Structures are given as structure tokens and as C-alpha cells.
Amino acid sequence: AMCDAATLRFVLDTQVAEARRFWRHKGLRTAMIVPWAEAFTAAFLTPVVPFFMQALGIDAAGMGQLRSVQSVLLLFSAPICGYLLDAHGPFLGIALPSSICSIGCAIRACATSASSLYVASIFSGLSGAKIEMAVAYVSRHTDAAQRTLAVSATRVQLQVLTLAGTVC
């Protein structure tokens with residue numbers, strides 16, 4: 001069989017070992033805190049947000065506009081954050097965009113109007129693909145022979161947290 005018990009055990013063991021490595025390595029742990037938190041919290045917030053937006057008078061087209069604003073800004077901010085990560089390290093490349101995104105989340109949480117939600121989308125769009133920057137950082141600080149494992153481990157960890165958040 002392609003996936004016998006020994007293979008499955010090996011895969012699980014390597015994923016658990018990577019999770020431990022991420023947690024024990026201060027730089028990796030710091031880079032992954034925001035993606036971990038976002039995966040967990042987004043899982044139980046995402047289903048609620050459209051109803052919140054509707055309560056503020058945003059229809060489906062308006063929700064699409066909000067998403068478009070965020071996506072266009074991500075298109076421009078991601079390369080800038082990549083440059084900052086490469087040239088100046090994780091503080092400017094990951095922490096700064098994550099902080100900007102958290103401002104957007106705070107504005108969204110306190111929004112009382114559609115205009116508040118547009119401002120929140122602008123801040124969220126300036127986050128510069130923070131999860132991808134964290135994964136790039138993890139990859140950069142992993143031996144070449146283990147990079148694919150490290151990248152897959154980030155995805156597995158985010159999915160596990162998403163499942164946990166969904167259960168919540």
C-alpha cells in the first residue's frame with residue numbers, strides 16, 4: 001500500500017518534530033505567532049463577518065468591493081514586505097505588516113459604518129501577505145534538505161489550528 005502504517009507514523013512524527021522545532025526556536029516561533037493566531041481566530045470569525053457586514057448595510061457587492069480593496073493593496077504591499085524581510089529582517093518584514101493588519105482588525109471589530117469597514121480593508125491590505133512572509137522566514141531558517149518539510153509543516157499547523165477554531 002502507498003500509505004502503510006509505518007509511512008503514516010513517519011509523516012506524523014516529522015510533522016510533530018517540526019512543530020516542536022518551531023516552538024523551541026525563538027525566531028521561528030515569533031514569525032509564526034501571527035499566522036497561528038489568525039488561523040485559529042479566523043476559523044470562528046469568518047462565518048460571522050458577513051452577517052456583521054450586512055447589519056452595517058453592506059450587501060454582497062459591497063463585500064466584494066471590500067475584498068477587492070484589500071486584494072489590490074496586498075498586490076502592492078506583498079513585494080514591499082518581501083523586500084523588507086530580505087533587507088531588514090523579520091521585524092520590518094513580518095512584525096510591521098502584522099501590526100498594520102491588527103489595526104485593520106481592530107477597526108473592523110469596532111466598525112459602526114460601511115466607511116469604517118473600508119478603512120479596515122485598507123489596513124488589512126497593507127499587511128503585505130504576512131503569512132507568506134512568515135513561511136518564507138521559516139524556509140530561510142531551515143536547512144535546504146528540510147525546507148519542503150518546514151513549508152508543509154507550516155500548512156499542517158495552520159490547518160490544525162483552523163480545525164480547532166472551527167470546532168470552537
Side-chain angles (χ1 to χ4, degrees), residues 11 14-50 53 63-111 116-166 168:
V11 169
T14 58
Q15 290 296 320
V16 169
E18 278 300 278
R20 285 185 182 130
R21 182 176 78 93
F22 288 9
W23 191 252
R24 290 180 183 144
H25 187 286
K26 182 181 176 185
L28 300 181
R29 181 178 63 240
T30 302
M32 290 300 296
I33 284 174
V34 170
W36 288 336
E38 185 174 308
F40 180 73
T41 59
F44 58 85
L45 291 176
T46 299
V48 177
V49 171
M53 289 181 178
M63 290 179 203
Q65 289 174 345
L66 289 169
R67 183 73 179 148
S68 294
V69 166
Q70 182 179 359
S71 295
V72 167
L73 288 170
L74 279 170
L75 178 72
F76 292 103
S77 65
I80 294 167
C81 291
Y83 164 77
L84 291 173
L85 179 61
D86 287 343
H88 301 286
F91 181 76
L92 287 178
I94 298 171
L96 178 62
S98 296
S99 299
I100 291 169
C101 188
S102 69
I103 293 168
C105 290
I107 292 169
R108 183 177 295 114
C110 299
S116 301
L117 292 176
Y118 278 98
V119 172
S121 288
I122 290 168
F123 276 95
S124 294
L126 295 174
S127 69
K130 64 198 170 305
I131 292 173
E132 290 79 3
M133 294 303 120
V135 173
Y137 182 82
V138 167
S139 178
R140 183 180 190 179
H141 294 290
T142 301
D143 292 335
Q146 299 296 103
R147 284 190 184 133
T148 302
L149 172 62
V151 170
S152 71
T154 62
R155 175 55 38 209
V156 168
Q157 291 168 24
L158 296 176
Q159 283 304 126
V160 166
L161 289 166
T162 298
L163 287 170
T166 301
C168 287

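Just so you know, these numbers come straight off a predicted model, no measurement behind them.
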Going through the checks in order, is the side-chain hydrogen bond (donor to acceptor under 3.5 Å, both in side chains) test met by Ser121 and Arg67?
CA-CA 7 Å; Ser121 288; Arg67 183 73 179 148; over 6 Å; no
Should Arg21 and Thr142 be marked as a side chain to side chain contact (heavy atoms under 4.5 Å, CB included) after you check the CA-CA gap, both sets of side-chain angles, and the distance that decides it?
CA-CA 10 Å; Arg21 182 176 78 93; Thr142 301; 2.8 Å; yes
Going through the distances and angles, do Cys168 and Phe40 end up as a side chain to side chain contact (heavy atoms under 4.5 Å, CB included)?
CA-CA 9 Å; Cys168 287; Phe40 180 73; 3.7 Å; yes
Side chain to side chain contact (heavy atoms under 4.5 Å, CB included) for Arg147 and Val138? Distances and angles first, verdict last.
CA-CA 8 Å; Arg147 284 190 184 133; Val138 167; over 6 Å; no
With side chain to side chain contact (heavy atoms under 4.5 Å, CB included) as the criterion, how do Trp23 and Met32 come out once you've worked through the C-alpha distance, each side chain's angles and the decisive distance to 0.1 Å?
CA-CA 9 Å; Trp23 191 252; Met32 290 300 296; over 6 Å; no
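Between the side chain of Ser102 and the main chain of Ser99, a donor-acceptor pair closer than 3.5 Å is present. For Thr46 (side chain) and Ala43 (main-chain N/O), no donor-acceptor pair under 3.5 Å exists by modelled atom type. Using a distance-only test at 3.5 Å, with no hydrogens or angles considered, a donor-acceptor pair links the side chain of Ser127 to the main chain of Ser124.
Between Phe123 and Leu73, every side-chain heavy-atom pair lies at or beyond the 4.5 Å cut-off. Here the side chains of Gln157 and Trp36 are in contact, with some heavy-atom distance below 4.5 Å. Counting only heavy atoms from C-beta outward, the side chains of Ile94 and Val34 never approach each other to under 4.5 Å. In this structure, the side chains of Glu38 and Leu158 stay at 4.5 Å or more apart for every pair of heavy atoms. Under the 4.5 Å side-chain criterion, counting only non-hydrogen atoms from C-beta, Val135 is in contact with Val151. Between Ile122 and Gln70 the shortest side-chain heavy-atom distance does not fall below 4.5 Å. Contact of the Leu149 side chain with the Ser152 side chain is registered, since non-hydrogen atoms from C-beta on lie closer than 4.5 Å. Using a 4.5 Å heavy-atom cutoff, the side chains of Met133 and Leu84 are not in contact.
Across all non-hydrogen atoms, the minimal contact from Leu74 to Ala129 is CD2-N, 3.4 Å. Closest non-hydrogen pair, Gly128 versus Pro97, comes out as N-CB, 4.4 Å. The minimum heavy-atom distance linking Tyr137 with Pro90 is given by the pair CE1-CG, 3.7 Å. Between Ala153 and Phe22, the shortest heavy-atom distance links the atoms CB-CZ, 4.2 Å.
Note: Leu96 CG to Cys81 SG = 7.0 Å, rounded to the nearest 0.5 Å. Summarising the geometry, atom OG belonging to Ser68 is positioned 12.0 Å from atom CG belonging to Leu75; distances are rounded to the nearest 0.5 Å. In this structure, CG on Leu28 lies 11.0 Å from CD1 on Ile33, to the nearest 0.5 angstrom. Atom CZ of Phe91 sits about 13.0 Å away from atom CG of Leu85, to the nearest 0.5 Å. For the atom pair CG (Leu45) and CZ (Arg108), the distance works out to 10.0 Å, reported to the nearest 0.5 Å. Here the CG atom belonging to Leu92 is positioned 10.0 Å from the OH atom belonging to Tyr83, to the nearest 0.5 angstrom.
For the side chain to side chain contact (heavy atoms under 4.5 Å, CB included) criterion with Lys130, the lone passing option out of Ser77, Cys101, Pro35 is Cys101.
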